[in-house]
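Accompanying notes for the structure given below.
On a predicted model such as this, the values are computed, not experimentally measured, just so you know.
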Amino acid sequence: IENIAKEKKININEEDLPIIADFKKFGINKVFTKDKNFAELCKVVGIETENMPVIEREISRQFYQLFKAKYKKFKKKH
């Protein structure tokens with residue numbers, strides 16, 4: 001894995017290598033992470049990645065959806 005990272009010029013954190021190796025060993029094929037370098041390295045070795053949603057952003061999105069619907073109802077009445 002370390003050689004692949006060097007070939008692709010991906011910055012690696014030494015603590016990530018055994019984690020990714022274990023993912024491969026145990027057949028884990030999808031991970032959620034906020035670490036872009038970790039995600040890049042996972043993709044290179046065949047592990048699918050998705051961004052982990054940031055709690056504040058998700059809360060904001062949920063509030064927006066809630067109030068958008070209520071605002072539309074309010075606007076129709078007035």
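Side-chain contact between Leu17 and Leu41 is present, with at least one heavy-atom pair separated by less than 4.5 Å. Counting heavy atoms from C-beta on, the side chains of Phe23 and Val45 never come closer than 4.5 Å.
For the side-chain hydrogen bond (donor to acceptor under 3.5 Å, both in side chains) condition, the pairs that include at least one residue of residues 22-49, sequence neighbours left out, are Lys30-Glu50.
Nearest heavy atoms, Phe32 versus Asn51: CD2-O, 4.3 Å.
For Glu7, there are no side-chain hydrogen bond (donor to acceptor under 3.5 Å, both in side chains) partners at least two apart in sequence or on another chain.
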